[in-house]
Amino acid sequence: MEKLATREQFEQVIAAGKPAIVVFKTTWCRDCHYIDPFMPDLEKAYADKLDFYHVDRDELPDLCEAYNILGIPSFIGFKNGQELIRFVSKLRKSREEIEQFLDRVVAVAEAV
């Protein structure tokens, strides 16, 4: 998962025609580290349909404030610069829940 270090990089990847998943997380977040072992498998499984990126909430606080990122990890799907759908929960996210979210992003992206 490629790290986006600037707002300009973020704006560029969300503007693409291929849907982009942006995961907002931090280095100190235990739930963020919980998803680390299985995210590479999900990235491979969805590589033909989705691009994956992550933003460190502590490094880009203004961007996170603009997108109302309060809990982490937060997942947002974008296409053509528009937010499609987001997955935010105060509970730890399971692999199955993340897969369901990714399936919904693909479905919404195909519908718009």
Side-chain angles (χ1 to χ4, degrees):
M1 189 176 320
E2 182 181 340
K3 180 179 180 181
L4 303 175
T6 67
R7 187 171 189 134
E8 292 76 25
Q9 287 177 317
F10 172 81
E11 297 293 341
Q12 184 178 11
V13 301
I14 70 166
K18 184 176 179 182
I21 302 299
V22 181
V23 182
F24 295 85
K25 54 197 233 176
T26 65
T27 57
W28 51 263
C29 167
R30 288 186 300 186
D31 289 344
C32 299
H33 291 292
Y34 173 79
I35 67 172
D36 286 343
F38 59 79
M39 283 306 297
D41 292 338
L42 294 178
E43 290 177 60
K44 287 178 191 168
Y46 288 86
D48 60 329
K49 298 177 184 173
L50 303 168
D51 288 333
F52 290 82
Y53 304 93
H54 76 92
V55 169
D56 187 314
R57 188 177 118 188
D58 292 341
E59 293 178 9
L60 295 174
D62 293 341
L63 174 67
C64 293
E65 184 177 330
Y67 280 89
N68 199 30
I69 303 300
L70 302 174
I72 50 174
S74 289
F75 294 74
I76 303 181
F78 294 94
K79 181 180 178 186
N80 297 324
Q82 299 296 313
E83 180 178 328
L84 300 174
I85 188 171
R86 65 174 58 200
F87 178 33
V88 180
S89 166
K90 67 179 183 176
L91 304 174
R92 177 174 278 175
K93 293 157 185 69
S94 70
R95 180 185 179 128
E96 294 76 22
E97 290 171 320
I98 295 169
E99 285 180 289
Q100 290 170 3
F101 165 75
L102 297 175
D103 289 339
R104 287 194 308 266
V105 171
V106 170
V108 171
E110 290 173 353
V112 294

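Position 1 is the first residue of the sequence; numbering continues from there. Just the heavy atoms: all of them, side chains too, but no hydrogens, waters or symmetry mates, feed the values below.
- Across every non-hydrogen atom of Pro73 and Asp31, the tightest pair is CD-CB, 3.9 Å.
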Quiz prompt | Derivation and outcome, side-chain contact (heavy atoms from CB on, under 4.5 Å), residues Phe10 and Val22 | solution = CA-CA 9 Å; Phe10 172 81; Val22 181; 4.1 Å; yes

Practice problem: Quick one: do Lys3 and Glu59 satisfy salt bridge (charged side-chain N to carboxylate O under 4.0 Å, His left out)? Show the steps, please. | Solution: CA-CA 11 Å; Lys3 180 179 180 181; Glu59 293 178 9; 2.9 Å; yes

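- Checked by atom type and distance alone, the side chain of Gln82 never pairs as donor or acceptor with a backbone atom of Lys79 at under 3.5 Å.
- Heavy-atom neighbours of Gln12 CD from other residues, nucleotides or ligands within 6.0 Å: at or below the threshold of 12.
- Linking Ile, Leu, Val, Met, Phe, Trp and Tyr residues whenever their side-chain heavy atoms come within less than 4.5 Å places Val106 and Phe75 in a single cluster.
- Taking OG1 of Thr26 as the reference point, atom CZ of Arg57 lies at 7.0 Å (rounded to 0.5 Å).
- By the 6.0 Å contact criterion, CD on Glu65 is open, its count of non-hydrogen atoms from other residues, nucleotides or ligands being 12 or less.
- Side-chain atoms of Val55 and Val23, non-hydrogen and from C-beta on, never get closer than 4.5 Å to each other.
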Practice problem: List the steps, then state whether side-chain contact (heavy atoms from CB on, under 4.5 Å) holds for Leu102 with Ile21. | Solution: CA-CA 8 Å; Leu102 297 175; Ile21 302 299; 3.8 Å; yes

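- Under the 4.5 Å side-chain heavy-atom criterion for ILVMFWY residues, a single connected hydrophobic cluster contains both Tyr34 and Phe52.
- Closest heavy-atom contact between Pro37 and Pro40: O-CD, 3.8 Å.
- Looking at Asp103, Val105, Asp41 one by one, the single match for side-chain contact (heavy atoms from CB on, under 4.5 Å) with Tyr46 turns out to be Asp103.
- We find that Lys25 and Asp36 are joined by a salt bridge, their nearest charged nitrogen and carboxylate oxygen being less than 4.0 Å apart.
- Residue Glu11 holds its CD atom at 8.0 Å from CD of Glu8, rounded to the nearest 0.5 Å.
- Minimum interatomic distance between Ile35 and Cys32 (heavy atoms only, all atoms of both residues): CG1-O, 3.1 Å.
- Note that NZ of Lys18 is 11.0 Å distant from NZ of Lys49, once rounded to the nearest 0.5 Å.
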Self-check item: CA sep, side-chain torsions, deciding dist, call: Phe87, Lys93, side-chain contact (heavy atoms from CB on, under 4.5 Å)
Solution: CA-CA 9 Å; Phe87 178 33; Lys93 293 157 185 69; 3.6 Å; yes

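- In this structure the side chain of Asp62 never reaches within 4.5 angstrom of the side chain of Leu60, judged on heavy atoms.
- Nearest heavy atoms, Ser94 versus Phe38: C-CZ, 4.1 Å.
- The closest side-chain heavy-atom distance from Ile14 to Ile76 is not below 4.5 Å.
- In terms of heavy atoms, Cys64 sits closest to Phe24 at SG-CD2, 3.6 Å.
- For the pair Leu4 and Val13, the minimum side-chain heavy-atom distance is below 4.5 Å.
- Side-chain heavy atoms closer than 4.5 Å link hydrophobic residues (I, L, V, M, F, W, Y) into clusters, and following such links, even through other members, never connects Val88 to Leu70.
- Contact annotation: the side chain of Ile98 never approaches that of Arg95 to less than 4.5 Å [non-hydrogen atoms, C-beta and beyond].
- For the pair Arg7 and Ala66, the tightest heavy-atom approach, listed with the atom from each and the gap, is NH2-CB, 3.9 Å.
- Around CD of Glu83, the count of heavy atoms belonging to other residues, nucleotides or ligands within 6.0 Å exceeds 12.
- Using a 4.5 Å cut-off on side-chain heavy atoms (C-beta onward), Phe78 and Leu84 make no contact.
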Exercise. May I have the step-by-step check of side-chain contact (heavy atoms from CB on, under 4.5 Å) for Met1 and Met39, ending in yes or no?
Key: CA-CA 8 Å; Met1 189 176 320; Met39 283 306 297; 3.8 Å; yes

